[in-house]
Amino acid sequence: MRIDVVSIFPEYLSALDISLIGRAREDGLLDVRVHDLREHTHDRHRTVDDTPYGGGAGMVMKPEPWAEALDAVADDSPVERPTLLVPTPSGTVFSQPLARELAGYEHLVFACGRYEGIDERVFQWAAERFDVRLVSLGDYVLNGGEVAVLAMVEAVGRLIPGVIGNPESLVEESHEGGLLEYPVYTKPSSWRGHEVPPVLLSGDHGKIAQWRRAQQVERTRLRRPDLLPEGPLA
Ligand code: JE8
């Protein structure tokens, strides 16, 4: 899979050089290219922002550097219409099903805004060359799209075949099964007065699976009741 990221803080994306995603890149499973938006400015000060029409606080990202940067990425795309993902607090909330969908695509492009965001016309224009998706990491305020891109690239990247050593860990996990994860423990079995639940030491794999499922349901009921089916159990 090919991923391009455009940002005024390309060094922010250096986290993609390490760990699981870094390894996937070394292994040739992922081709991640980070671009500096300022390379697509042509004035002395490499200006990417200007004052908002209509007034108001802060600055808005100018359309011209974005169009030039995105044109360059689209010209170099392995596909006819790559997917352009724009992190924004006014987008649809990113989710595991969306990560799954994106993991099936050949080319993703992320546009990281800063300041008060990117001139809205960029998204209208970009629809000529991209499938444009405005996505939010969640209902809280960040200073720009970079942190959201780190999260989304990690969520998508780990779903690409070969990126995770043990793909079994992909099926069991939270948000694919619709329940939260069960609690996990390791040695020592007794630690600072806290014991590992004895069932996990019993060697009875049927009972362990049953216990873990019950833990998942109980945690979900307590912490994320919104994930459970409505009403009293049939
Ligand atoms: C961003 C963001 C995601 C999330 C994403 C991109 C670009 C209009 N507001 C802009 C005003 C306050 C500051 C904002 C800064 N900003 C935030 C996000 C996001 N994805 N879940 N929260 N925030 C930009 C500029």
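When a residue number appears, it is its place in the shown sequence, counting from 1. Start at 1 and go down the list; that is how both ligands and their atoms are numbered.
- A salt bridge does not link D43 with K62: none of the charged nitrogens is closer than 4.0 Å to a carboxylate oxygen.
- Residues of the protein with a heavy atom under 4.0 Å from ligand 1 are P87, T88, P89, G113, R114, Y115, E116, V135, S136, L137, G138, Y140, V141, L142, N143, G144, G145, A148, listed by chain and number.
- Within the structure, side chain to side chain donor-acceptor pair (under 3.5 Å) pairs that include any residue of residues 135-149 comprise S7-E146, R114-E146 (at least two apart or interchain).
- A salt bridge is absent between R38 and D36; no separation between the charged side-chain nitrogens and carboxylate oxygens falls under 4.0 Å.
- The two atoms that bring S77 and P82 nearest to each other are OG-CG, 3.6 Å, heavy atoms only.
- Distance CZ/R33 to CG/L13: 15.0 Å, rounded to 0.5 Å.
- Side-chain N or O atoms of R81 include one that pairs as donor or acceptor with a backbone N or O of F130 at under 3.5 Å.
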